[in-house]
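These numbers come from a predicted model, not from an experiment. So that the names make sense, note that chain A is the first sequence line, chain B the second, and so on, each numbered from 1.
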Number of protein chains: 2
Amino acid sequence: MTTIRDVAEHAGVGLATVSRVLNQSPLVSEGTRQRVLDVIRDLNYTPHAAARRLSLGKTLIIKVFVPFFPRPSVTERLAGAVSLLSQSEYDLVIHNIDTPERRATCFEHLPTSKEVDGVLIISLSPLDHEAENLVHADIPIVLIDADHPALARLHRVTTDDVEGGRRAAEYLIQLGHRRIGFIGDTINNPFHFVSSRDRFLGYQQALAAARLPVRSEYYAEGEHGRREARDLARPMLSLAERPTAIVAASDTQAVGVLEAARELGLRVPENLSVIGYDDIEVADMMGLTTMRQMLYEFGQRGVELLLETLDSPDRPPVHEIMPTELVVRHTTAPPGI
Amino acid sequence: MTTIRDVAEHAGVGLATVSRVLNQSPLVSEGTRQRVLDVIRDLNYTPHAAARRLSLGKTLIIKVFVPFFPRPSVTERLAGAVSLLSQSEYDLVIHNIDTPERRATCFEHLPTSKEVDGVLIISLSPLDHEAENLVHADIPIVLIDADHPALARLHRVTTDDVEGGRRAAEYLIQLGHRRIGFIGDTINNPFHFVSSRDRFLGYQQALAAARLPVRSEYYAEGEHGRREARDLARPMLSLAERPTAIVAASDTQAVGVLEAARELGLRVPENLSVIGYDDIEVADMMGLTTMRQMLYEFGQRGVELLLETLDSPDRPPVHEIMPTELVVRHTTAPPGI
DNA sequence: AGAAACCCTGGAAACGGTTCCAATCGGGGG
DNA sequence: CCCCCGATTGGAACCGTTTCCAGGGTTTCT
């Protein structure tokens, strides 16, 4: 294996000089720089990553925690992160969280500066005692689509799910719907996801503002997933006085609702309006009306903040709220008669 | 920062002993092991990754090249890889390839053993001169859904796209279709993807075997994508003698075909049969008949082979062919009258 | 009782970079 | 002509692990 020592020897210079050339230090004369570069090319030398990291005292690694990779909504955010990181000198390593145990372990044993330089947490909000850990971590942490009141000292990129849920419901109300259902994730889920709960909160606000009752038979929750949503929607749509519109906590679940409607012979949007959340690719494919989140930009922005912090650690924390946007397609209409 | 030295000091043992405890060497008495473990816990010690890697002479990193992350077909394979790797001591770093330049750079400057321990290449087949590089790499490389005749010495997990294309077409022929179109990627694309070409080859074989003519107006190619496929399908479906069925080179493109059909007022499957390829999630959502590849298992198997090779480098190379399976849903039927 | 075998342990030398610090060189100013 | 300064350069220490090797203690066998 060729080392920096070999290069130094062949070029007739010292170790330090080679290192300086490698790190484009200005403290090298043009002549020697060229000579060294030639030798590097001739010997086909590449630096030893681990040695460099050790000496530098930096790992050049950023770890990202994502739940349920490859669920489209998180994958899209991840893609934004990957794209921005590929232009930096940092490597991105993925840590998929698909069990409550793994989730707990991550928050319990946060990586230290001896393992990674920074952490990106996507869509996983910490509990109270976990937030404590985050605050005391010895490396920068950026939360994407996750938050906690105790984390004012951390960078966060979030979205207002309450507002999103409210606007989704408001749109349906504005179309003339009066019986509006909601189908979402279990509020007490082992992963402590809260977006579905918040969107439901917004939904309730919208109904209250319009003086509409929040009827418990119009609310159903279950595990995240298309089939689960379909199974939840079926009985709701079979009610004597069934809802004329349904807000789903995600596009995936909205698709489940569409399936249930089809099974029951309900036409969308004539007999039933459905609105989803996220605007993942299938929403476009299926013509689903939905609340768009700028998923890709979410990820990009998070990485941007992380890189800035790595550069200048004492920068004041930023809490950025990404906008949502109502995208009207073909699954919503005024209620049929 | 607490180091192994601090631990040794507090425990009143030597460096080597602490290291042995950390690496569960059997050469430590139970008494000292416990003492060391206690000190490790008390000091909240964690090993320094870079130092360990340097000393070990292993990077403990595996790099994966994927094109067009987060395209569902590659993301699903990636997910399989991630899942298996999470149980190992290796970190997975993603390298997204979304331009021909990046693609070339990757094959030209393959990572060396000083950067990573192994490479996973997903869905990117090398050209002749690039294959040369791969063979001479100084680290194990596993190709997933990619291949080249010169690479018999490498592990590969592939699929028979020719057979898949043939079986898709055969199914339509068997349903009674005689005018069958094909919509796929440009054969000469800057990324040198060949799966679309191979599937088209299989399609041609099936038609030939049934003594059906391969008509050029029933073939259209373009950039990969739903909209592109829709634009390609529109004129084909507007022909005086339009095809009664279409084989799409991917599910994404099949969805584009469905959109074109809808625009033109053609009912699926009554007026037009459509068959896709991959069986990504949307295929199920949209009831698309398709050729299923076991994408997730693809990725898992590739990592499995890579890990085995890292363990015992002289194991003979394995070329594994993953099966495909026809999944009949609701977009195919005998031709209407 | 002495030697051999075994188990456990600690010191020190790697691993391959980066960087502080001292040294050398050449030139300009006094 | 000497001194000082800036521009380059090289040596050596250091980063925190792993592991080879030697050594000490105990046991077992003769």
Side-chain angles (χ1 to χ4, degrees), chain A residues 1-40 43-61 89 91 111-117 138-139, chain B residues 1-37 39-40 43-61 89-91 111-117 138-139:
Chain A
M1 184 164 47
T2 59
T3 72
I4 200 173
R5 249 163 267 271
D6 301 327
V7 175
E9 208 166 312
H10 278 76
V13 300
L15 295 184
T17 303
V18 179
S19 177
R20 276 188 279 260
V21 171
L22 287 170
N23 296 285
Q24 25 248 341
S25 154
L27 302 178
V28 193
S29 72
E30 193 48 34
T32 49
R33 145 170 282 117
Q34 270 311 326
R35 191 145 35 94
V36 171
L37 285 177
D38 288 348
V39 174
I40 287 177
L43 297 185
N44 201 8
Y45 165 81
T46 53
H48 190 289
R52 178 143 196 276
R53 290 165 207 240
L54 173 60
S55 188
L56 234 31
K58 299 169 66 178
T59 67
L60 300 183
I61 293 178
E89 57 175 348
D91 280 339
T112 68
S113 61
K114 291 149 112 185
E115 300 167 60
V116 305
D117 287 341
D138 70 338
I139 46 170
Chain B
M1 182 166 48
T2 59
T3 71
I4 201 173
R5 240 165 275 270
D6 302 326
V7 175
E9 209 165 311
H10 278 77
V13 300
L15 295 183
T17 304
V18 179
S19 177
R20 277 188 277 260
V21 171
L22 287 170
N23 297 286
Q24 25 249 341
S25 154
L27 302 177
V28 192
S29 72
E30 193 47 34
T32 50
R33 146 171 280 117
Q34 269 312 325
R35 191 146 34 93
V36 170
L37 285 177
V39 174
I40 287 177
L43 297 185
N44 202 7
Y45 164 81
T46 53
H48 190 290
R52 178 143 197 275
R53 291 164 205 239
L54 173 61
S55 187
L56 235 30
K58 298 169 65 177
T59 67
L60 299 183
I61 293 178
E89 58 175 347
Y90 291 92
D91 280 339
T112 67
S113 62
K114 292 150 112 186
E115 301 168 59
V116 306
D117 288 341
D138 69 338
I139 46 172

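- Summarising the geometry, atom NE2 belonging to A/His48 is positioned 5.0 Å from atom CE belonging to A/Met1; distances are rounded to the nearest 0.5 Å.
- Here A/Leu22 contributes atom CG and A/Arg33 contributes atom CZ; the two are 10.0 Å apart, rounded to the nearest 0.5 Å.
- For the residue pair B/Thr59 / B/Asp117, a side-chain donor-acceptor distance below 3.5 Å is found, with atom types taken as modelled.
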- Evaluate the criterion side chain to side chain contact (heavy atoms under 4.5 Å, CB included) for residue pair B/Arg53 and B/Ile61; output intermediate values, then yes/no. CA-CA 10 Å; B/Arg53 291 164 205 239; B/Ile61 293 178; 3.3 Å; yes
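- The shortest distance between the side-chain N/O atoms of B/Thr32 and the OP1/OP2 oxygens of C/dC8 is not below 4.0 Å.
- The side chain of A/Ser29 places an N or O atom within less than 4.0 Å of a non-bridging phosphate oxygen (OP1 or OP2) of D/dT9.
- In this structure, the separation between CD on B/Glu89 and CG on B/Leu56 is 7.5 Å, given to the nearest 0.5 Å.
- Counting heavy atoms from C-beta on, the side chains of B/Arg52 and B/Leu60 come closer than 4.5 Å.
- Side chain of A/Lys114 to main chain of B/Thr2: a donor-acceptor pair is present (N/O by atom type, distance under 3.5 Å, no hydrogens or angles).
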- Reading nucleotides 13-18 of chain C 5' to 3', which nucleotides get B (base under 4.0 Å from a protein heavy atom), which S (sugar-phosphate only), which -? --BBBB
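- The terminal axes of the helix from C/dA1-D/dT30 to C/dG30-D/dC1, fitted over 5 pairs per end, subtend an angle of 50° to the nearest 10°.
- Note that the OH atom of B/Tyr90 and the NZ atom of B/Lys58 stand 3.5 Å from one another [nearest 0.5 Å].
- C/dC7 atom C1' lies 14 Å from atom CZ of B/Arg33, rounded to whole Å.
- Counting non-hydrogen atoms under 4.0 angstrom, B/Gly12 reaches the backbone sugars and phosphates but no base.
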